[in-house]
2 protein chains.
Amino acid sequence: MAAAADISFRALCEQQGIAVTHQREVLYEVMQSMHGHPSPEEIYAEVRQRIPTISLATVYKNIHLFVESGVLREVSLHHGTVRVEMASSDHHHVVCSRCKSITDIDEAELGLLPKHDRLPGGFLVERYAVDVIGLCAKCQQA
Amino acid sequence: MAAAADISFRALCEQQGIAVTHQREVLYEVMQSMHGHPSPEEIYAEVRQRIPTISLATVYKNIHLFVESGVLREVSLHHGTVRVEMASSDHHHVVCSRCKSITDIDEAELGLLPKHDRLPGGFLVERYAVDVIGLCAKCQQA
DNA sequence: CTAAATGCAAAGAGTTTGCACAAAT
DNA sequence: ATTTGTGCAAACTCTTTGCATTTAG
């Protein structure tokens, strides 16, 4: 459809070494048009309006591809299971985007950020959680 | 066992209006002794060494209770399903801990925080993700 | 033509729920 | 005595996988 968008999508696929399929193209367009933080099911519902025969599995597979290629990002990293910690000191997390390992970092080491108690719209702040996301030393060798 | 710890645990239960059970007490002690960011299964494995008959369901139920009472916190808020977004502008998230709604906030609105490209230990930073966690306007009326 | 992607259905992981029995208040 | 919690098993939700079929390069 939109030539520019199409060109950049093909370029993206080439760069990633993946095929340009109709499903992929529509998925990409739909995700660009969706605001917010959709779940796979929500994306599926949307894409289905244009490709009624698409499968949820294809949506999942392509979401993963797009996350790996950096087009999409997960709102919060999925560790497979819930992880809890004692609600103690002011620390934050360093998370490896590949192996999903979590280590702590003191707020002092991060450098302070200014904190609000309330946000416009009446949101009442309980706490700030900072994730430093990247690759741990081990995962850099791959 | 440790009198002081026991007293504070009983106080905690009273404050939360919940019963002081053996399972709860051991869970609490185990969680205090575990460093890191354990999953329910990991906590279960640990508690089982002291109460071999405890059930995973009980572990889950009590983890929820402890999270609600603020003793524990989830390392990253669990939205039930994966949520993705376009990897575009520098923005962060405002997340309601009750209804789990997510809204965006510009980095400029948060106030800049100093960013590192590398962390001691060789961690390579890709990005910073800040979650402002609290209660949205709607959830404050409950 | 051949390599990769899709769709389907089945399997898997993690988590929740209903209910009978047991323990706490 | 009454309420609350536990353990078990079944159910559920979300996600992944295997494989035959289809599509892209």
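Keep in mind that the numbers below use all heavy atoms, side chains included, and drop hydrogens, waters and symmetry copies. Fair warning: this is a prediction, and the values are worked out from it, not measured in the lab.
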Roughly, in whole Å, what's the span from [atom1] in [X] to [atom2] in [N]?
X	N	atom1	atom2	answer
B/E25	D/dG5	CD	P	15 Å
B/E68	D/dG5	CD	P	12 Å
B/I63	D/dG5	CD1	P	16 Å
B/I51	C/dA23	CD1	P	13 Å
A/I54	C/dC8	CD1	C1'	13 Å
B/Q16	D/dT4	CD	P	15 Å
B/R24	C/dA24	CZ	P	11 Å
A/N62	C/dG7	CG	C1'	12 Å

A/T58 side-chain N/O to C/dG7 phosphate OP1/OP2 under 4.0 Å: yes
N/O (side chain, B/Q23) to phosphate O (OP1/OP2, C/dA23) under 4.0 Å: no
Distance-only side-chain donor-acceptor flag, A/H91 / A/E85, under 3.5 Å: yes
B/F123 side chain near B/H116 side chain, heavy-atom distance below 4.5 Å: no
Ring geometry between A/H37 and B/H93 (parallel below 30°, tilted from 30 to 60°, perpendicular above 60°): perpendicular
Exam field: side chain B/E74 to backbone B/H78, donor-acceptor pair closer than 3.5 Å: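 Looks like yes, one N/O pair under 3.5 Å.
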Ionic contact status for B/K115 with B/E107, cut-off 4.0 Å: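 The answer is yes: the pair qualifies as a salt bridge.
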Footprint string (nucleotides 15-25 of chain D, 5' to 3'): B base within contact, S backbone only, - free, heavy atoms under 4.0 Å: BBBB-----SS
